[in-house]
> 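Dropping a structure here in structure tokens format, bear with me for questions.
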Number of protein chains: 2
Amino acid sequence: MNGTTARSTQLLRQINSDALLRFGLQEQVFTAGEAMAVTGLTRATVLGVCDGLVDAGWLEEVDDGRAGGHTPKGRPARRYQLREAAGVVVGLDAGETYFTVIVADLRGRELGTRRQGIESHALGREGRGASARELIRLTLQDVGRAPDDVLLTVVGVPAPIDANGMSPDGEFWHLMNSGFASHLHGRVVVENDANLAAVAERAHEPSANQATLLTGERFGAGLIVDGRLLRGPRGGAGEMRFLDTLTAGKFVPDEGGADGFGALARKWARSRIHSYEGETMLRQMPEGEINAEDVFQAAREGDPFAEDIIARLGARLARIAVVLSSLLDIERVVIAGGISRAIEPVLEHARSLLPTDTGLPLPELVASTFGAQVVVKGAIESALTQIKAEPHAFLPRAARS
Amino acid sequence: MNGTTARSTQLLRQINSDALLRFGLQEQVFTAGEAMAVTGLTRATVLGVCDGLVDAGWLEEVDDGRAGGHTPKGRPARRYQLREAAGVVVGLDAGETYFTVIVADLRGRELGTRRQGIESHALGREGRGASARELIRLTLQDVGRAPDDVLLTVVGVPAPIDANGMSPDGEFWHLMNSGFASHLHGRVVVENDANLAAVAERAHEPSANQATLLTGERFGAGLIVDGRLLRGPRGGAGEMRFLDTLTAGKFVPDEGGADGFGALARKWARSRIHSYEGETMLRQMPEGEINAEDVFQAAREGDPFAEDIIARLGARLARIAVVLSSLLDIERVVIAGGISRAIEPVLEHARSLLPTDTGLPLPELVASTFGAQVVVKGAIESALTQIKAEPHAFLPRAARS
DNA sequence: GACCTAAATATAAGATCCATATAAATCTTC
DNA sequence: GAAGATTTATATGGATCTTATATTTAGGTC
């Protein structure tokens, strides 16, 4: 009755049903004939399977007269489409200081979104979980959906996540990975935020080998090699601690592997502005109030102190790109996160530092176009991918009770 | 008739047949009852599928009276086993200076092996291809098999290999990847040698996240993350060029990313022995004749000059291990290749250099136990894995013509 | 030799898909 | 507006494969 364990005689039907539903998930509307071409099945079989999917609540027949009538002659084809009411997916970016929710339909169209500041350290795990539940509840309400409509919720957190959704020991990680599965309604998958950013970038530009660096306040990388997201037994794939270990010998205090470019720009600016001997407009503001945006802005205006920081970030990025390109044959490095809108000068400098004498193609360095929404977008994309991977594992909101 | 394109009605039979054959490939002999437990199918179905596999030439019924009679009561079960004559697999390590062949049966048991020195640069591509064919022919002859018995030949070469078996441009790589598919009989798969070494190590110690460094004369790494071998669009995953780029600033001439530990030990010894001021037994031999073995031997005997080289190798290995552990969450680093038998002192020194303050588990550093045979063993393992992945894509030597 | 047991076989039934034939719905043409 | 053309939907029979049940078979035990 539950469909998860199929008897062997019904296996074939399930395979065909999944294939057809997968087709339906990416098409607006489709006819049996189109499905026949894709699946290689007979018309009778396709229609039978579609019947089943309509009964299950996944599909609905669209009888729009001749609205999409692109068949000039012959009996009009029956046309099917994904049932709008079958369900929605929820993406949640559960960052340290902000939560962002998107509710999307099964084709990935955004239905509603909300964003809220979060005092994680004041709220604690419980508070983060409760806030997430409430924010999702409100967003669902905005778009007139019930919690039961949600087929899958994907949550992005700034912590390593293993295959079971768990993080390694560590106070910060324990706080970030707040046990959302028990707080939220229905099926929940927790994933590392940088990994979700990588999923978003892959959906946007389908390269099978690319790295996405999520680098605002914290730093994380989502690695996609041979079309697959790398994880590691403890979810540690994409950590960048090695950067500092390798520059060992000369001890560089401020370079934290966990710091994103935004944090580094701020820290470097604040700690070096005293020892800097030239002119800089940043000296006009109190040292404790210099932020990354100020540094980027000053650099745009030609301030040499700020430009030096940009150059140092570029050098850091170049080192990362060389390692990824060499070790993993990565073709494309995407800088994502809120900072991505201002990152172009850093990219330019990094490109100039890439070694050209290896004879091998250089990795492409680009800025994400998703801005601060990468992680949520990736969460939605990830949810849809999981549903497409095994549709029968998800039950649509019933059509007939 | 060819079985590659199955009609939908026969798909189920094929799925079950493959599952059963996969079971047969890993068991010595099995009864229908055991297969029922594994596949979940009915006895009638299992016996029907087995009939088909016997007809196809994959299995044979073993009627050994009660040789393995561990069923005291009831009618004795029919027992099946893989048909010895169904076929063999061939593994070829096509290195720069040596070829090694193993012919193995479908359970991975070595039937015969041969090894031969190869003057690659004198022979050229054609010569390498012809030598490979001849060496395989002889080994098959040794064990009384015909070329048609070979279901799959896997060739390991010291060059990056992409998903289509091609290498990037480069004279050396073009020479090494000698177009074996056209020279050898039957189905041929070409793979990077370090990747095959990694496959061998995974079969030996099944960790889903380990790196295998093939490091005698040349250097290459086979990376297994989340249980999968990484490749990259140009087969470049596992290249280690980055090591030198990262130590940039101070220019170190002798550290070539392409050099293995053996080559480095030799080069360092020869180039530094003049400037070394202390005593060293290596000075007793002509500078041009010092080899890696001499350095390792001297270090074992406490020679400080040799010990310093060991320490430098250890430091290099430690850096590699840190990067792999941090960036890919690698749990285990295996040093493989002919040099692995002597590498333990290097491992010891490298372990002492691993940072202990990260709070994360350190990667395990171990020496391979396969010695110079890693690559061939991996080739055999890879061939068996591919056959298990889709048995129906391979046709056994016919039982009845 | 009778009895017990577990496996093999035989038979009928259920599920699925395909091939073919037939009916239906729409457009075109006269 | 009716006939023809065209494409799709539906109905029917057949083939394949799996399952369930009943029956037979091959060994051992007493």
Side-chain angles (χ1 to χ4, degrees), chain A residues 1 3 5-21 29-56 59-80 392, chain B residues 1 3 5-21 29-56 59 61-81 392:
Chain A
M1 198 57 83
T5 62
R7 282 173 48 202
S8 183
T9 50
Q10 300 170 323
L11 183 59
L12 199 49
R13 196 47 177 282
Q14 190 176 87
I15 291 174
N16 289 333
S17 179
D18 280 1
L20 226 134
L21 184 47
V29 286
F30 66 93
T31 66
E34 291 161 6
M36 287 165 64
V38 171
T39 61
L41 297 170
T42 313
R43 162 165 277 113
T45 306
V46 167
L47 289 173
V49 171
C50 284
D51 268 358
L53 288 171
V54 168
D55 277 357
L59 298 181
E60 64 189 1
E61 198 168 343
V62 41
D63 40 16
D64 53 354
R66 64 209 58 76
H70 31 49
T71 44
K73 21 184 190 179
R75 173 172 177 172
R78 287 170 65 178
R79 301 165 69 224
Y80 296 90
H392 67 268
Chain B
M1 199 55 85
T5 61
R7 282 173 49 200
S8 186
T9 50
Q10 300 171 324
L11 184 59
L12 196 50
R13 195 49 178 284
Q14 191 176 85
I15 291 173
N16 289 334
S17 178
D18 279 2
L20 225 131
L21 185 48
V29 286
F30 66 94
T31 67
E34 291 162 5
M36 288 165 64
V38 170
T39 62
L41 298 170
T42 314
R43 163 166 275 109
T45 305
V46 167
L47 290 173
V49 171
C50 283
D51 269 357
L53 288 172
V54 168
D55 277 356
L59 298 180
E61 198 168 345
V62 41
D63 41 15
D64 53 354
R66 65 211 55 76
H70 32 47
T71 43
K73 21 185 191 180
R75 173 173 177 173
R78 286 169 66 177
R79 302 165 71 224
Y80 297 89
Q81 67 182 7
H392 68 269

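Convention: sequence-line order gives letters A, B, ...; per-chain numbering from 1. Computed over heavy atoms, backbone and side chain alike; hydrogens, waters and symmetry mates excluded. These figures come from a predicted structure and were not determined experimentally.
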> Which heavy atom in Leu53(B) sits nearest to a heavy atom in Ser17(B), and how many Å separate them?
CD2-OG, 3.3 Å

> Output the rounded distance in Å from CD (Glu34(A)) to C1' (dT7(D)).
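Whole-Å distance recorded here is 14 Å.
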
> Rounded to the nearest Å, what distance is computed from the CZ atom of residue Arg79(B) to the P atom of nucleotide dA26(D)?
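Spelled out: CZ on Arg79(B) to P on dA26(D) is 18 Å.
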
> Side-chain donor-acceptor pairs under 3.5 Å in residues 42-51 of chain B, sequence neighbours left out?
none

> Would you kindly give the CD1-to-C1' distance between Ile15(A) and dA15(C), to the nearest whole Å?
14 Å

> Gln14(A) CD to dT18(D) C1': how many Å, rounded?
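For the pair Gln14(A) CD and dT18(D) C1', the rounded distance is 16 Å.
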
> Show your reasoning for whether side chain to side chain contact (heavy atoms under 4.5 Å, CB included) applies to Ile15(B) and Leu12(A).
CA-CA 10 Å; Ile15(B) 291 173; Leu12(A) 199 49; 5.8 Å; no

> Starting from P on dT18(D), measure out to CD on Gln10(B) and report it in whole angstrom.
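One finds 11 Å between P of dT18(D) and CD of Gln10(B), rounded.
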
> What is the separation between atom CG on Leu47(B) and atom C1' on dT9(C), rounded to the nearest whole Å?
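Atom-to-atom, Leu47(B) to dT9(C), this comes out as 9 Å.
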
> Between dT5(C), dT8(D), dT7(D), which nucleotide gets closest to the side-chain atoms of Lys73(B)?
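Nucleotide nearest to Lys73(B)'s side chain: dT5(C).
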
> Is any side-chain heavy atom of Tyr80(B) closer than 4.5 Å to one of Val62(B)?
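Val62(B) vs Tyr80(B): side chains apart.
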
> Can you figure out which of dC17(D), dC17(C), dA25(C) approaches the side chain of Asn16(A) most closely?
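Among the listed nucleotides, the one closest to the side chain of Asn16(A) is dC17(C).
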
> Using every non-hydrogen atom in the two residues, find where Asp18(A) and His392(A) come nearest and quote the distance to one decimal.
OD2-ND1, 2.6 Å

> Any side-chain heavy atom of Glu61(A) within less than 4.5 Å of one from Arg79(A)?
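Of all side-chain heavy-atom pairs linking Arg79(A) with Glu61(A), none is under 4.5 Å.
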
> Measure the angle between the two terminal helix axes of the helix from dG1(C)-dC30(D) to dC30(C)-dG1(D), five base pairs each, and quote it to 10°.
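The end axes of the helix from dG1(C)-dC30(D) to dC30(C)-dG1(D) are about 10° apart, to the nearest 10°.
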
> Considering only dT9(C), dT18(D), dA26(D), which nucleotide approaches the side chain of Arg43(B) most closely?
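Taking heavy atoms from C-beta onward, the closest nucleotide is dT9(C).
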
> Quick one: which protein N/O atoms are closer than 3.5 Å to N/O atoms of nucleotides 19-24 of chain D? Pair and distance per line, please.
{"unit_1": "dT19(D)", "atom_1": "OP2", "unit_2": "Thr42(B)", "atom_2": "N", "d": "3.2"}
{"unit_1": "dT19(D)", "atom_1": "OP2", "unit_2": "Thr42(B)", "atom_2": "OG1", "d": "2.9"}
{"unit_1": "dT19(D)", "atom_1": "OP2", "unit_2": "Thr45(B)", "atom_2": "OG1", "d": "3.0"}
{"unit_1": "dT19(D)", "atom_1": "O5'", "unit_2": "Thr42(B)", "atom_2": "OG1", "d": "3.2"}

> Hey, does the side chain of Arg78(A) come within less than 4.0 Å of dA25(C)'s phosphate (OP1/OP2), counting only N and O?
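Result: no.
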
> For the residue pair Gln81(B) and Val29(B), what are the closest heavy atoms and their distance?
OE1-CG1, 3.2 Å

> How long is the straight-line distance from CZ of Phe30(B) back to CZ of Arg78(B), given to the nearest 0.5 Å?
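Reported value, rounded in 0.5 Å steps: 11.0 Å.
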
> Looking at the side chain of Arg13(A), which of dT16(C), dA8(C), dA9(D) is the nearest nucleotide?
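Of the candidates, dT16(C) comes closest.
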
> What is the separation between atom CD on Glu61(B) and atom C1' on dA8(C), rounded to the nearest whole Å?
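Taking atom C1' of dA8(C) as the reference, CD of Glu61(B) is at 11 Å.
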
> So Thr39(B) and Asn16(B), do their side chains get closer than 4.5 Å, heavy atoms only?
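Contact flag for Asn16(B)/Thr39(B) side chains = no.
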
